[in-house]
Participant: 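One structure follows; several queries about it will come next.
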Amino acid sequence: HVQLVESGGGSVQAGGSLRLSCAASGYTYSSYCMGWFRQAPGKEREGVAANDSDGSTSYADSVKGRFVISTDNAKNTLYLQMNSLKSEDTGAYYCAAGPSDPITCRRLWNNRNPYLYWGQGTQVTV
């Protein structure tokens with residue numbers, strides 16, 4: 001049974017920082033795609049960043065240079081460091097994971113298809 005649990009959301013002023021965490025349990029795939037998505041009220045869920053099992057990262061243009069995705073394999077935890085936050089970053093942030101080869105992950109990371117498992121979300125308000 002795979003479980004993803006996000007934490008670290010909250011309210012922050014524009015220009016501030018937050019670090020989101022996603023603790024994964026029961027996940028044993030050697031090749032994977034793990035990502036962060038967000039959804040603002042009245043808008044569709046959009047991909048923010050992803051990390052494949054080769055260590056490559058992908059980012060939405062709107063967060064490049066401000067957000068950093070990383071993985072601590074020893075802790076089975078995915079992180080999203082968010083800096084220089086803007087009001088448009090407000091939304092519910094979701095962690096997602098699924099078995100995927102790295103090439104597919106890099107090509108489809110901001111699509112829901114590579115992901116089988118989703119967390120419940122954590123709210124970020126800027």
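In this text the structure is predicted, and so the values were computed from the model without any measurement.
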Participant: Write down the atom of Ser21, the atom of Thr77, and the distance for their closest heavy-atom approach.
Facilitator: CB-CG2, 4.2 Å
Participant: Examine distances only and state if a side-chain atom of Ser62 and a backbone atom of Ala60 form a donor-acceptor pair shorter than 3.5 Å.
Facilitator: no
Participant: So, for Leu4 and Ala24, which heavy atoms are closest and what is the spacing to 0.1 Å?
Facilitator: CD2-CB, 3.6 Å
Participant: Let me confirm one number: the CG-CZ distance from Asp52 to Arg107, rounded to the nearest 0.5 Å.
Facilitator: 13.0 Å
Participant: Go through the steps to decide whether Thr125 and Val12 satisfy the test side-chain contact (heavy atoms from CB on, under 4.5 Å), and finish with yes or no.
Facilitator: CA-CA 6 Å; Thr125 302; Val12 63; over 6 Å; no
Participant: Applying salt bridge (Lys or Arg N to Asp or Glu O under 4.0 Å), name anything that partners Lys43, two or more places apart in sequence or on another chain.
Facilitator: none
Participant: Any sub-3.5 Å donor-acceptor pair from Gln3's side-chain atoms to Gly26's backbone N or O?
Facilitator: no
Participant: Give me each pair satisfying disulfide (SG to SG under 2.5 Å) with a member in residues 49-85, each pair once, sequence neighbours excluded.
Facilitator: none
Participant: With hydrophobic residues grouped by side-chain heavy-atom distances under 4.5 Å, do Val48 and Phe37 end up in a single group?
Facilitator: no
Participant: Using atom types as modelled and distance alone, determine if a side-chain donor or acceptor of Asn73 lies under 3.5 Å from a backbone N or O of Asn76.
Facilitator: no
Participant: Asn51 and Thr71: side-chain donor and acceptor closer than 3.5 Å?
Facilitator: yes
Participant: Which disulfide (SG to SG under 2.5 Å) pairs, counting each pair once, include a residue from residues 27-79, with sequence neighbours left out?
Facilitator: Cys33-Cys105
Participant: Check whether the side chains of Ser17 and Asn83 place a donor and an acceptor atom closer than 3.5 Å, and report yes or no.
Facilitator: yes
Participant: Should Arg19 and Leu80 be marked as a side-chain contact (heavy atoms from CB on, under 4.5 Å) after you check the CA-CA gap, both sets of side-chain angles, and the distance that decides it?
Facilitator: CA-CA 6 Å; Arg19 188 176 81 155; Leu80 185 68; over 6 Å; no
Participant: Can you check whether Glu6 reaches Leu20 side chain to side chain, under 4.5 Å on heavy atoms?
Facilitator: no
Participant: Grouping I, L, V, M, F, W and Y whenever their side-chain heavy atoms are under 4.5 Å apart, do Val2 and Tyr32 come out in a common cluster?
Facilitator: yes
Participant: Treating Gln81 as the side-chain partner and Val68 as the backbone partner, does any N or O pair qualify as donor plus acceptor under 3.5 Å?
Facilitator: no
Participant: Please round to the nearest 0.5 Å and tell me the distance separating atom NZ of Lys64 and atom OG of Ser58.
Facilitator: 8.5 Å
Participant: So, for Ser53 and Pro102, which heavy atoms are closest and what is the spacing to 0.1 Å?
Facilitator: OG-CG, 3.9 Å
Participant: Between Leu85 and Leu18, is any pair of side-chain heavy atoms under 4.5 Å apart?
Facilitator: yes
Participant: Compile the donor-acceptor pairs under 3.5 Å between side chains in residues 108-118 and protein atoms, sequence neighbours left out, one pair per line.
Facilitator:
{"unit_1": "Asn111", "atom_1": "OD1", "unit_2": "Asn113", "atom_2": "N", "d": "2.8"}
{"unit_1": "Asn111", "atom_1": "OD1", "unit_2": "Asn113", "atom_2": "ND2", "d": "3.4"}
{"unit_1": "Tyr115", "atom_1": "OH", "unit_2": "Trp109", "atom_2": "O", "d": "2.6"}
{"unit_1": "Tyr117", "atom_1": "OH", "unit_2": "Tyr29", "atom_2": "OH", "d": "3.2"}

Participant: Show every donor-acceptor pair shorter than 3.5 Å between a side-chain atom in residues 88-96 and any protein atom, with sequence neighbours excluded, or say none if there are none.
Facilitator:
{"unit_1": "Asp89", "atom_1": "OD1", "unit_2": "Arg38", "atom_2": "NH1", "d": "2.9"}
{"unit_1": "Asp89", "atom_1": "OD1", "unit_2": "Arg66", "atom_2": "NH2", "d": "3.0"}
{"unit_1": "Asp89", "atom_1": "OD2", "unit_2": "Arg66", "atom_2": "NH1", "d": "2.8"}
{"unit_1": "Asp89", "atom_1": "OD2", "unit_2": "Arg66", "atom_2": "NH2", "d": "3.4"}
{"unit_1": "Asp89", "atom_1": "OD2", "unit_2": "Lys86", "atom_2": "N", "d": "2.7"}
{"unit_1": "Thr90", "atom_1": "OG1", "unit_2": "Ser87", "atom_2": "O", "d": "3.0"}
{"unit_1": "Thr90", "atom_1": "OG1", "unit_2": "Val126", "atom_2": "N", "d": "2.9"}
{"unit_1": "Thr90", "atom_1": "OG1", "unit_2": "Val126", "atom_2": "O", "d": "3.4"}
{"unit_1": "Tyr93", "atom_1": "OH", "unit_2": "Arg38", "atom_2": "NH1", "d": "3.0"}
{"unit_1": "Tyr93", "atom_1": "OH", "unit_2": "Asp89", "atom_2": "O", "d": "2.6"}

Participant: Counting neighbours of CD on Gln120 that are heavy atoms of other residues, nucleotides or ligands and sit closer than 6.0 Å, is the number greater than 12?
Facilitator: no
Participant: Please round to the nearest 0.5 Å and tell me the distance separating atom CZ of Arg106 and atom OG of Ser56.
Facilitator: 3.5 Å
Participant: Listing request: all ring pair (Phe, Tyr, Trp, His ring centres under 6.0 Å) pairs with a residue in residues 55-85, at least two apart in sequence or in separate chains.
Facilitator: none
